[in-house]
Amino acid sequence: MSENLIKESTCAINKATQILNRGGLVSVKAETVYGLACDPSNPEAILKLYNLKNRPSSNPLIIHVNSLEMLKEIAEVNTIASSIINFFWPGPLTLILPRKKNKKVLDFAVAGLNTIAVRMPSSEIFLKLINKFGKPVAAPSANQSGYISSTKASHVIESFGEDIELVIDSGQSEYGLESTIIDLSSEKILIRRLGVIDKKLLEKKIETKIYEQNEPKKNNPNSPGQSFKHYSPNTPIKLNVKNPGEDDAFLGFGSIRLNHKPFLNLSENGDLNEAAFNLFHFLRKLDKLKKKKISIYPIPKKGIGKVINERLNRAKVNE
Ligand code: AMP
Ligand code: MG
């Protein structure tokens with residue numbers, strides 16, 4: 001077992017805080033996926049994080065807070081943002097807000113933009129870490145840029161080994177997919193990334209129309225990070241396959257029963273939440289087998305299934 005992998009505990013939080021304070025990197029579970037945390041006020045820490053992930057510097061980080069007070073130091077919070085926060089925080093919803101310059105979040109952490117992506121996670125371990133650190137924490141997903149996100153501590157170790165000083169093991173992320181990102185920085189409210197929180201639910205709660213921009217074009221991405229390959233296994237994937245080729249790894253869903261090897265089923269009961277929970281874990285498992293192709297059975301495009309399909313469509317892009 002890796003020496004940098006430890007189970008969640010008060011001691012783990014203390015150690016993680018010390019590492020953040022001296023500019024190191026720590027991986028911690030969010031309810032969405034595992035995050036790779038650093039201090040966004042420390043240029044060396046940010047550089048280390050971008051280099052390790054091989055993340056383009058034009059792709060800004062999401063900044064995590066534990067309170068409205070902390071939020072208001074780094075972002076402008078208007079009435080609509082306040083009401084969304086009341087309904088959905090802490091939880092898997094990221095807001096893009098006008099940025100307030102503050103040395104707690106350097107330009108470098110947010111690609112020099114005058115907006116900032118912020119979130120209050122509901123993951124207890126993550127909140128405890130922010131509480132102890134006492135400042136905003138930057139945390140993208142804990143995977144090599146472009147590769148499948150991590151939903152377990154073991155995935156983080158597989159991706160980075162000993163290059164991260166500490167990985168706190170808190171079991172598997174509850175949702176298994178990233179946060180929804182909504183942009184409140186201009187007049188129209190826009191969904192920049194589909195995610196755990198559904199657009200219809202958002203619209204119902206805030207009684208305002210939300211626009212969806214979900215077909216990012218390479219030269220005109222919605223969010224800076226959307227111009228890059230994402231969520232991709234090294235093995236090419238093919239979607240909507242009902243009969244996999246003999247040499248394919250196969251990822252199924254629902255009542256499909258096949259005498260095929262290797263075969264994993266995202267949810268035998270056809271439960272889309274269970275499928276989301278398993279998605280990245282199973283993709284990583286099948287990728288390790290180094291087959292020619294991973295074929296994936298059709299997954300219904302409703303509710304969180306829409307998000308699963310969006311992720312798989314991005315995973316298929318090979319650049
Ligand atoms: P991740 O790297 O997995 O944490 O995803 C973060 C996403 O948030 C990326 O797609 C970023 O491009 C997006 N993002 C962060 N800050 C902003 C911002 N100010 N405006 C638009 N998108 C942003
Ligand atoms: Mg990511």
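Computed from a predicted model, the values in this text were never measured in an experiment. Residue numbers start at 1 and run along the sequence shown. All values below come from the heavy atoms of this structure, side chains included, with hydrogens, waters and symmetry mates left out. First listed ligand is number 1; within each ligand, the first listed atom is number 1.
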- line: Any heavy atom of N59 under 4.0 Å from ligand 1? The part involved is side chain

- prompt: Applying the 4.5 Å side-chain criterion to the ILVMFWY set and letting contacts propagate, would L312 and V33 be lumped into a single cluster?
  reply: yes

field: Ligand-residue contact atoms, ligand 1 with S141, heavy atoms, under 4.0 Å
entry: 3 (O), 4 (O)

- prompt: Would F250 and F263 count as a ring-ring contact (aromatic ring centres under 6.0 Å, His included) if you check the C-alpha gap in whole Å, the side-chain angles of each, and the deciding distance to 0.1 Å?
  reply: CA-CA 5 Å; F250 188 49; F263 172 41; 5.4 Å; yes

message: So that I can check it, does any N, O or S atom in S149 come closer than 2.8 Å to the Mg ion (ligand 2)?
response: no

message: Is there a polar contact between ligand 1 and R55, counting only N or O atoms under 3.5 Å apart?
response: yes

message: If the test is side chain to side chain contact (heavy atoms under 4.5 Å, CB included), which one of I85, I206, L95 qualifies with I80?
response: I206

- request: Check each heavy atom of V110 against ligand 1 and say whether those closer than 4.0 Å belong to the side chain, the backbone, both or neither.
  value: neither

query: Where is the tightest heavy-atom contact between R99 and L113, given as atom of each residue plus distance?
result: NH1-O, 2.9 Å

field: Part of T115 within contact of ligand 1 (heavy atoms, under 4.0 Å)
entry: both

Sub-4.5 Å side-chain heavy-atom contact between E212 and L194: yes

Side-chain donor-acceptor distances from residues 124-136 under 3.5 Å, at least two apart:
{"residue": "N131", "atom": "OD1", "partner": "N66", "partner atom": "ND2", "Å": "2.6"}
{"residue": "N131", "atom": "ND2", "partner": "L127", "partner atom": "O", "Å": "3.4"}
{"residue": "K132", "atom": "NZ", "partner": "N14", "partner atom": "OD1", "Å": "3.4"}
{"residue": "K135", "atom": "NZ", "partner": "D39", "partner atom": "OD2", "Å": "3.4"}

- line: Per-atom filter on ligand 1: closer than 4.0 angstrom to a heavy atom of P140 are 2 (O), 4 (O)

query: With a cut-off of 4.0 Å, which atoms of ligand 1 are near a heavy atom of I96?
result: 18 (C), 20 (N), 21 (C), 22 (N), 23 (C)

query: ligand 1 and R193, any nitrogen or oxygen pair closer than 3.5 angstrom?
result: yes

message: For the residue pair S150 / R284, report whether a side-chain donor-acceptor contact shorter than 3.5 Å exists.
response: yes

message: If the cut-off is 4.0 Å to any non-hydrogen atom of P60, which atoms of ligand 1 fall inside it?
response: 11 (C), 12 (O), 14 (N), 15 (C), 16 (N), 17 (C), 23 (C)

- request: Could you list which atoms of ligand 1 come closer than 4.0 Å to a heavy atom of L113?
  value: 18 (C), 19 (N)

- prompt: Is there a side-chain hydrogen bond (donor to acceptor under 3.5 Å, both in side chains) between S141 and E178 once you walk through the steps?
  reply: CA-CA 8 Å; S141 51; E178 293 77 4; 5.0 Å; no

- request: Using a 4.0 Å heavy-atom cut-off, say whether R192 meets ligand 1 through its side chain, its backbone, both or neither.
  value: neither

